[in-house]
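Everything below concerns the one structure shown next.
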Amino acid sequence: YENAPYDKKLLHEAADRYFLIRQENGARVLPLVMELKDALKKIPDAAGVWYFLGDLYERSDIKEGAAEECYIKAIEADPYHLNSLLSLLELYLTTDKNVKARELVDRIIVYTDDVDMYVASAHLALEMGELDRCISDIKEYERRCGINDEVSELKAQVLLKQGEYEAALE
């Protein structure tokens with residue numbers, strides 16, 4: 001692989017497409033896991049293949065913790081691999097790993113400038129008791145997108161936590 005005359009990016013894209021097709025065509029889980037692991041022996045820096053393996057682990061519950069490891073490997077191979085970033089974030093949120101989720105949300109905001117991540121960040125901040133951070137995230141979202149019901153609800157929750165009950169009811 002190291003001395004191969006082919007383009008690494010092309011190889012990664014081909015591997016991604018191959019495994020996506022295999023997955024979509026209903027390949028059995030264990031043989032597909034073995035294929036993905038074999039591929040990673042040959043192309044260990046293929047973020048897409050790590051992502052597919054993590055996704056497969058997550059959906060099949062074959063090995064606890066394996067999905068997280070695979071998403072992390074994918075992000076190590078490609079720090080901008082959005083599917084891996086979002087899948088890892090979802091995994092952290094569903095397993096109450098809020099500190100890790102916070103770091104990932106911040107990273108996704110920097111990499112993608114996705115304004116919806118400010119709402120996710122505000123929810124996390126509220127849950128973690130970081131009211132100043134929550135308010136800051138809400139303000140940034142409002143500055144870029146305006147007000148919506150979800151953001152209004154978040155603002156009311158912050159006001160309640162601050163003891164401003166009348167303002168929260170408005």
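Starting from 1, each residue takes its place in the sequence as its number.
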Minimal non-hydrogen separation, [X] against [Y], with atom names:
{"X": "Ala47", "Y": "Asp78", "result": "CB-CB, 3.6 Å"}
{"X": "Ser87", "Y": "Tyr51", "result": "OG-CE1, 3.4 Å"}
{"X": "Ala101", "Y": "Leu93", "result": "CB-CD2, 3.8 Å"}
{"X": "Tyr141", "Y": "Val119", "result": "CD1-CG2, 3.5 Å"}
{"X": "Cys134", "Y": "Ala125", "result": "N-CB, 3.5 Å"}

Quick check: do [X] and [Y] have side-chain heavy atoms less than 4.5 Å from each other?
{"X": "Val105", "Y": "Ile109", "value": "yes"}
{"X": "Tyr71", "Y": "Glu58", "value": "yes"}
{"X": "Gln157", "Y": "Lys161", "value": "no"}
{"X": "Phe52", "Y": "Leu36", "value": "yes"}
{"X": "Tyr111", "Y": "Pro79", "value": "yes"}
{"X": "Met128", "Y": "Val99", "value": "yes"}
{"X": "Thr112", "Y": "Leu85", "value": "no"}

Are [X] and [Y] connected, step by step, through hydrophobic side chains (Ile, Leu, Val, Met, Phe, Trp, Tyr) whose heavy atoms are closer than 4.5 Å?
{"X": "Ile135", "Y": "Ile147", "value": "no"}
{"X": "Leu131", "Y": "Tyr165", "value": "no"}
{"X": "Leu154", "Y": "Leu169", "value": "no"}

In short, salt bridge (Lys or Arg N to Asp or Glu O under 4.0 Å) pairs touching residues 83-103 with sequence neighbours left out are Glu68-Lys97, Glu68-Lys100, Arg102-Asp106, Arg102-Glu130
Residues pairing under salt bridge (Lys or Arg N to Asp or Glu O under 4.0 Å) where one sits in residues 110-128, two or more places apart or in two chains, turn out to be Asp113-Arg144
Handout entry: Residues Asp137, Arg133: salt bridge by 4.0 Å N-O rule
Key = yes
With a cut-off of 6.0 Å (strictly less than), are more than 12 heavy atoms of other residues, nucleotides or ligands near OH of Tyr80? no
Task: Neighbour count above 12 (heavy atom, 6.0 Å) for Asp38 CG - done: yes
Problem set entry | Polar side-chain atom of Trp50 near backbone of Ser84 as donor-acceptor pair, under 3.5 Å | no
To the nearest 0.5 Å, atom CG of Leu104 lies from atom CG of Leu88 at 5.0 Å
